[in-house]
Amino acid sequence: MPTPDSQTLPLLAITMGDPTGVGPEVIAAAWGNSRVHAACRPVVYGHPELMRRAVVAVGSTAQVAEVAGPADAASTANVICCVRTGSDDALAAVPRQIDARGGQAAYNALVAAAEAALAGYVDGIVTGPLNKAALWRAGHHYPGHTELLGELCGAGDVAMMLYLGPTAFATRSRGLGVVHVTLHTALRKIFGELTEDAILTKARLVDAIMTRLNGERPTIGVCALNPHAGEEGLFGDEEQRIIAPAVARGLAESLPLVGPLPTDTLMVRARDGEFDAVVAMYHDQGHIALKLLGMHYAVNITLGLPIVRTSVAHGTAFDLAWQGTAD
């Protein structure tokens, strides 16, 4: 096959994430992979000196070149072009610890990259992981990337979807997405946030994105909340009061929904190809199942934004950071 003209490849802003975690090392380690440069033109957003430290940590020979903006980036496998964001305070953030300076650095990189995408200077953003506690210590009170990006972009309805492409499966020919009705919230608060409208909003978003990714309308499985889907109300009635009525409303507007179904069997059926997408009621209900299927193949996609944003499906991994061992 012919090699694509590099100038036709999408220009992607790669945010460093929290510099006290694995984000800079993951970028440095992945940079030399030829598949990266065959697929896109990457440019890092963060502090160039932190990027240089990460290059040393992973034993790379790449050079880090500071550029004024994405238009000046000419990255190669051996040259990491970096747009400086934030202040030198980030250089003093303590590795492997929750540090407000790391939270501020992650915030600055994300805001700059999102603004570049909104202005059309880059075609999308790929974010390194941030630490929510560090973000809060820096004074930015958001539960995570999803909510912060929703505000930055002026988006009304947004959602986190974890996605596994078809190559992650032996039994599927299409990708699988899991979207979450409630996300970064305490378990005890889920019951107050779970509504018919919230379920339908996420179902509409995942229907639209999976249609684009797979080229055809998906079949969407809707998770129950309680064990055994409530067992006719014996173990909880949210299925009868909230989830089933939401599914009925979705079917009335031609959404391809099935459920509510017990999650333990639903995810097995999804793995085997019966469902193309799953609507999970809360964070761990979707995350644990999908990551067991293929954590290191998973992509985090924010739905509902006017820009493209993807991310890794893991966190800052303080236990691994700055030891040169991060995958």
Would you find a donor on one side and an acceptor on the other, under 3.5 Å apart, between the side chain of [X] and the backbone of [Y]?
X    : Y    : value
T171 : R271 : yes
H180 : D284 : no
W322 : P19  : yes
S75  : P42  : yes
T127 : T15  : no
E147 : G144 : yes
D207 : A203 : no
T20  : Q97  : yes
D276 : T219 : yes
E25  : G324 : yes

Derivation and outcome, side chain to side chain contact (heavy atoms under 4.5 Å, CB included), residues M281 and I243: CA-CA 9 Å; M281 296 300 114; I243 305 175; 3.9 Å; yes
On a heavy-atom basis, which atom in [X] and which in [Y] lie closest, and how many Å separate them?
X    : Y    : answer
D18  : A106 : N-CB, 3.7 Å
G46  : C82  : O-SG, 3.6 Å
E239 : A224 : OE2-CB, 3.5 Å
G86  : N108 : CA-ND2, 3.3 Å
E196 : P245 : OE2-CB, 3.4 Å
I27  : V44  : CG2-CG2, 3.8 Å

Using a 4.5 Å cut-off on heavy atoms from C-beta on, say whether the side chain of [Y] contacts that of [X].
X    : Y    : answer
P143 : K132 : no
V178 : H287 : no
Y107 : L135 : yes
L225 : F191 : yes

Verdict with reasoning, V308 to D123, per side chain to side chain contact (heavy atoms under 4.5 Å, CB included): CA-CA 7 Å; V308 173; D123 298 305; over 6 Å; no
Once rounded to the nearest 0.5 Å, what's the spacing between atom [atom1] of [X] and atom [atom2] of [Y]?
X    : Y    : atom1 : atom2 : answer
N300 : T146 : CG    : OG1   : 6.0 Å
L303 : R204 : CG    : CZ    : 14.0 Å
R269 : D264 : CZ    : CG    : 11.0 Å
S311 : L162 : OG    : CG    : 10.0 Å
H145 : M160 : NE2   : CE    : 9.5 Å
M16  : T85  : CE    : OG1   : 7.0 Å

Look at the side-chain heavy atoms of Ile, Leu, Val, Met, Phe, Trp and Tyr, link any pair under 4.5 Å apart, and say whether [X] and [Y] land in one connected group.
X    : Y    : answer
I199 : M161 : yes
Y45  : L50  : no
L200 : Y282 : yes
Y142 : L183 : no
F275 : L257 : no

Counting heavy atoms not belonging to [X], are there more than 12 under 6.0 Å from its [atom1]?
X    : atom1 : answer
E232 : CD    : no
H184 : NE2   : yes
Y297 : OH    : no
Q323 : CD    : yes
F235 : CZ    : yes

Passing candidate, side chain to side chain contact (heavy atoms under 4.5 Å, CB included) with I125, options L110, L305, T302, L12: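 Result: among L110, L305, T302, L12, L110 is the only option passing the side chain to side chain contact (heavy atoms under 4.5 Å, CB included) with I125.
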Do we see a donor-acceptor contact under 3.5 Å between the side chains of [X] and [Y]?
X    : Y    : answer
T182 : E193 : no
Q104 : H140 : yes
D197 : T195 : no

Ionic contact status for D319 with R96, cut-off 4.0 Å: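 Here R96 does not pair with D319 in a salt bridge, since their nearest N and O are not under 4.0 Å apart.
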Criterion side chain to side chain contact (heavy atoms under 4.5 Å, CB included) on L255 and R249, from CA distance to verdict: CA-CA 9 Å; L255 285 173; R249 286 175 56 190; over 6 Å; no
Chi angles and distances behind the side chain to side chain contact (heavy atoms under 4.5 Å, CB included) call for M210, Y163: CA-CA 9 Å; M210 292 305 295; Y163 175 76; 3.9 Å; yes
